[in-house]
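For reference, the structure discussed in these notes is given below.
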Amino acid sequence: MKLFIDTANIEQIRDMNDLGVICGVTTNPTLIAREGRDFQEVIREITSIVDGPISGEVKATTTKAEDMIKEGREIAAIHPNMVVKIPMTKEGLKAVKVLTAEGIKTNVTLIFTPNQALLAARAGATYVSPFLARLNNIDTPGIDLIENIVTIFRNYDIKTEIIAASIQSPIHVTQCALAGADICTIPYNILCQMIDHPLTDIGIELFRRDYVAVFGE
Ligand code: E4P
């Protein structure tokens, strides 16, 4: 499973890119708004850091297919690595069909059922983003959604890649990897939590003490 970072924060992206663990970035209107900066400026900066797929979403106020298509072309023109993120609506599917025919990569977001993922894939989406934790938070196992999409895409050899999204804990990442998601997009704080383990810290301290007892500092 490939790992993307789910943020529009430049410092966080730079930090994780330096570790070599991420190979793509996803953003959304909430994440862009959190930075309080111009969309194009932030996205351009991200493309200069990470050499991999960068998802930039059409405006949260855009609902018509023709407007999504126009914005999608502008987003794609920013950099060859750009992926146009489009919400899972009827108008969104129309836009995906047109953009796909033009060779523009798309990521259909806000997927909450296997049927939505199937429709997005058939419209030509390069990626689908099923949201795991938002389902967990309404007492519905989000991992079932990921597993079902993986099964359906495998049954029919569908090439659309699954980006497991809405990740709120390291255990979600493990679950997605076991379920066979192609990619997991992870917030910075969760990537940091994945690095650490108390037994690793204790082990480092024990090695240090044993070493110093014989060889000194
Ligand atoms: C997906 O690409 C979204 O940006 C993101 O994963 C949503 O996560 P949230 O449910 O924590 O907002």
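Hydrogens, waters and symmetry mates play no part in the numbers below; they use all other heavy atoms, side chains included. Counting starts at 1 for both ligands and their atoms, in listed order.
- Here F112 pairs with F131 under the ring-ring contact (aromatic ring centres under 6.0 Å, His included) rule; sequence neighbours left out.
- Annotation: atom 2 (O) of ligand 1 to nearest protein heavy atom, K85 NZ, 2.6 Å.
- Put simply, the side chain of K85 does not reach to within 4.5 Å of the side chain of T106, judged on heavy atoms.
- Salt-bridge formation is detected for the pair E205/R208: a Lys NZ or Arg NE/NH1/NH2 atom is positioned less than 4.0 Å from an Asp or Glu carboxylate oxygen.
- Protein heavy atom at the shortest distance from atom 4 (O) of ligand 1 is N28 ND2, 2.7 Å.
- By the 4.5 Å heavy-atom criterion applied to side chains, Q40 and I75 are not counted as neighbours.
- For the pair S129 and ligand 1, the shortest N or O to N or O distance does not fall below 3.5 Å.
- Of all the atoms in ligand 1, the ones that sit under 4.0 Å from a non-hydrogen atom of A165 are 1 (C), 2 (O), 6 (O).
- Protein heavy atom in closest approach to atom 12 (O) of ligand 1: R134 NH2, 2.8 Å.
- If you check which protein heavy atom lies closest to atom 8 (O) of ligand 1, you get S166 CA, 3.4 Å.
- Taking the charged nitrogens against the carboxylate oxygens, E66 and K94 have no contact shorter than 4.0 Å, which rules out a salt bridge.
- Side chain to side chain, D6 and T26 meet the donor-acceptor criterion of an N or O pair below 3.5 Å.
- Residue-to-ligand polar distances place D6 within reach of ligand 1: an N/O pair is separated by less than 3.5 Å.
- Nearest to atom 7 (C) of ligand 1 among the protein's heavy atoms is F131 CE2, 3.6 Å.
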